[in-house]
Participant: 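Take this structure first; my questions come after.
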Amino acid sequence: MKLSDVLDSKGWETVVTHENVTATEAVKLMCDKHVGAVVITNAKGQVGGILTERDFLRRYAEHGNKLGDLKISWLMTHDVETATPDASVDEVLNIMTNKRFRHMPVVRGGKLVGIVSIGDLVKAMLQEKLQEAKSLREYITS
Ligand code: AMP
């Protein structure tokens, strides 16, 4: 199973912002869109950073109440790992587990086209395994 299969089922839309917004604005965006991560892109749609719930927690410990006014360029992870739609779910789950993050922006031709979370991938994999088990049961009992 590829990331494109997961995105066909969950949707290709992404929640993006730019690096000059404040932490408060980014939190509002994430709450409005019900997502745990926002991708920071430039005018060409290229990925320049990622900011997740975990970053806010860690940065709050550092900056306390001053966090809300800080620009997200100070808070985000700049060195973002991305995958292509052709990457396999197994391969991406391995990267996420080894590198200890839960979000993977999906890029085609250098531009952001989607994002998957570890939850999306585990859900897709579980559905695939359940379908396989059902097919095997039907084959055995037919
Ligand atoms: P997460 O588990 O996704 O909430 O992220 C944990 C940490 O890894 C945070 O500092 C994120 O900014 C960072 N992070 C999340 N996704 C990625 C990614 N695809 N590439 C690099 N860093 C990431």
Side-chain angles (χ1 to χ4, degrees), residues 1-140:
M1 195 179 9
K2 294 176 178 180
L3 292 191
S4 56
D5 300 317
V6 177
L7 287 164
D8 282 344
S9 143
K10 78 146 226 179
W12 289 77
E13 62 279 356
T14 53
V15 179
V16 299
T17 190
H18 55 89
E19 59 179 16
N20 285 325
V21 304
T22 64
T24 300
E25 288 166 329
V27 168
K28 278 190 183 143
L29 177 67
M30 287 162 69
C31 291
D32 287 350
K33 302 286 184 185
H34 306 286
V35 292
V38 63
V39 180
I40 293 85
T41 52
N42 64 18
K44 292 179 183 162
Q46 295 159 332
V47 175
I50 190 165
L51 191 66
T52 77
E53 293 158 328
R54 201 162 283 186
D55 291 313
F56 286 112
L57 196 67
R58 211 177 49 225
R59 300 299 194 175
Y60 185 76
E62 286 169 32
H63 301 286
N65 290 340
K66 294 187 186 121
L67 177 67
D69 294 331
L70 294 180
K71 293 277 193 297
I72 59 170
S73 51
W74 290 95
L75 314 173
M76 67 191 195
T77 299
H78 292 259
D79 193 9
V80 184
E81 180 109 22
T82 61
T84 65
D86 285 341
S88 77
V89 167
D90 283 2
E91 176 192 336
V92 173
L93 268 175
N94 246 321
I95 296 170
M96 285 171 147
T97 309
N98 290 334
K99 300 199 170 174
R100 295 174 184 277
F101 53 69
R102 298 166 297 171
H103 298 89
M104 186 66 93
V106 183
V107 166
R108 188 194 286 128
K111 288 188 182 174
L112 181 72
V113 292
I115 183 166
V116 289
S117 71
I118 205 163
D120 298 327
L121 300 187
V122 169
K123 185 178 163 197
M125 195 166 248
L126 188 64
Q127 275 167 356
E128 188 187 51
K129 297 293 170 214
L130 287 172
Q131 190 54 50
E132 274 173 20
K134 187 170 173 243
S135 303
L136 276 174
R137 263 198 309 274
E138 282 169 2
Y139 175 73
I140 291 163

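Both ligands and their constituent atoms are indexed starting at 1 by order of listing. These numbers come from the heavy atoms of this one structure, side chains and all, not from hydrogens, waters or symmetry mates. All of these numbers come straight from a predicted model, not from anything done at the bench.
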Participant: Starting from atom 10 (O) of ligand 1, find the nearest protein heavy-atom neighbour and note its residue, name and distance.
Facilitator: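 That would be D55 OD1, 2.5 Å.
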Participant: Measuring only between side-chain heavy atoms, which start at C-beta, is V80 closer than 4.5 Å to P105?
Facilitator: yes
Participant: Among all protein heavy atoms, pick out the one at the shortest distance from atom 2 (O) of ligand 1; state its residue, atom name and that distance to 0.1 Å.
Facilitator: R102 NE, 2.7 Å
Participant: Which residue owns the protein heavy atom closest to atom 3 (O) of ligand 1, what's the atom, and how far is it?
Facilitator: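 Atom 3 (O) of ligand 1 sits closest to the protein heavy atom H103 ND1, 2.7 Å.
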Participant: Closer than 4.0 Å to some heavy atom of T77 - which atoms of ligand 1 meet that?
Facilitator: 10 (O), 11 (C), 12 (O), 13 (C), 22 (N)
Participant: Donor-acceptor check, side chain of T14 to backbone of V16, threshold 3.5 angstrom: yes or no?
Facilitator: no
Participant: Scan the side chains in residues 117-134 for donor-acceptor partners under 3.5 Å anywhere in the protein, sequence neighbours excluded, and list what turns up.
Facilitator:
{"residue": "S117", "atom": "OG", "partner": "G119", "partner atom": "N", "Å": "3.3"}
{"residue": "S117", "atom": "OG", "partner": "D120", "partner atom": "N", "Å": "3.2"}
{"residue": "S117", "atom": "OG", "partner": "D120", "partner atom": "OD2", "Å": "3.2"}
{"residue": "D120", "atom": "OD2", "partner": "K10", "partner atom": "NZ", "Å": "3.3"}
{"residue": "D120", "atom": "OD2", "partner": "S117", "partner atom": "N", "Å": "2.9"}

Participant: Considering only NZ, NE, NH1 and NH2 on the basic side and carboxylate oxygens on the acidic side, decide whether K2 and D5 come within less than 4.0 Å.
Facilitator: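 Here K2 does not pair with D5 in a salt bridge, since their nearest N and O are not under 4.0 Å apart.
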Participant: Is the shortest distance from a heavy atom of A37 to ligand 1 less than 4.0 Å?
Facilitator: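 For ligand 1, residue contact (heavy atoms, under 4.0 Å) with A37 is absent.
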Participant: Would you mind running through ligand 1 and noting each atom that sits below 4.0 Å from a heavy atom of R58?
Facilitator: 10 (O)
Participant: For E53 and ligand 1, answer yes if some heavy atom of the residue is under 4.0 Å from a ligand atom, otherwise no.
Facilitator: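 Not so, E53 does not reach ligand 1.
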Participant: Would you say that more than 12 heavy atoms from the other residues, nucleotides or ligands in this model lie under 6.0 Å from the CH2 of W74, or not?
Facilitator: no
Participant: Mind checking the NE2-OG1 spacing from H103 to T82? Nearest 0.5 Å is all I need.
Facilitator: 15.5 Å
Participant: So which protein heavy atom does atom 5 (O) of ligand 1 come closest to, and at what separation?
Facilitator: T52 OG1, 3.5 Å
Participant: Using distance alone, decide if ligand 1 has a nitrogen or oxygen within less than 3.5 Å of any nitrogen or oxygen in R100.
Facilitator: no
Participant: Which ligand 1 atoms does D79 reach within 4.0 Å, using its non-hydrogen atoms?
Facilitator: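 Once the distances to D79 are compared, the set is 21 (C).
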Participant: Give the atom numbers and elements of ligand 1 that come within less than 4.0 Å of a heavy atom of P105.
Facilitator: 19 (N)
Participant: Numbering the atoms of ligand 1 from 1, which are under 4.0 Å from a heavy atom of E81?
Facilitator: 18 (C), 19 (N), 20 (N), 21 (C)
Participant: Applying the side chain to side chain contact (heavy atoms under 4.5 Å, CB included) criterion to L51, which one of M76, R59, E19 satisfies it?
Facilitator: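 That would be M76; it is the only one of M76, R59, E19 passing the side chain to side chain contact (heavy atoms under 4.5 Å, CB included) with L51.
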Participant: Using a 4.0 Å heavy-atom cut-off, say whether I50 meets ligand 1 through its side chain, its backbone, both or neither.
Facilitator: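 Both of them.
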Participant: Could you check atom 7 (C) of ligand 1 against the protein and tell me its nearest heavy-atom contact, residue, atom and distance included?
Facilitator: F101 CB, 4.4 Å
Participant: Could you check whether atom CG of N20 has more than 12 heavy atoms from other residues, nucleotides or ligands sitting under 6.0 Å from it?
Facilitator: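 Yes, enclosed.
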Participant: Salt-bridged, E25 to K28, with N to O below 4.0 Å?
Facilitator: no
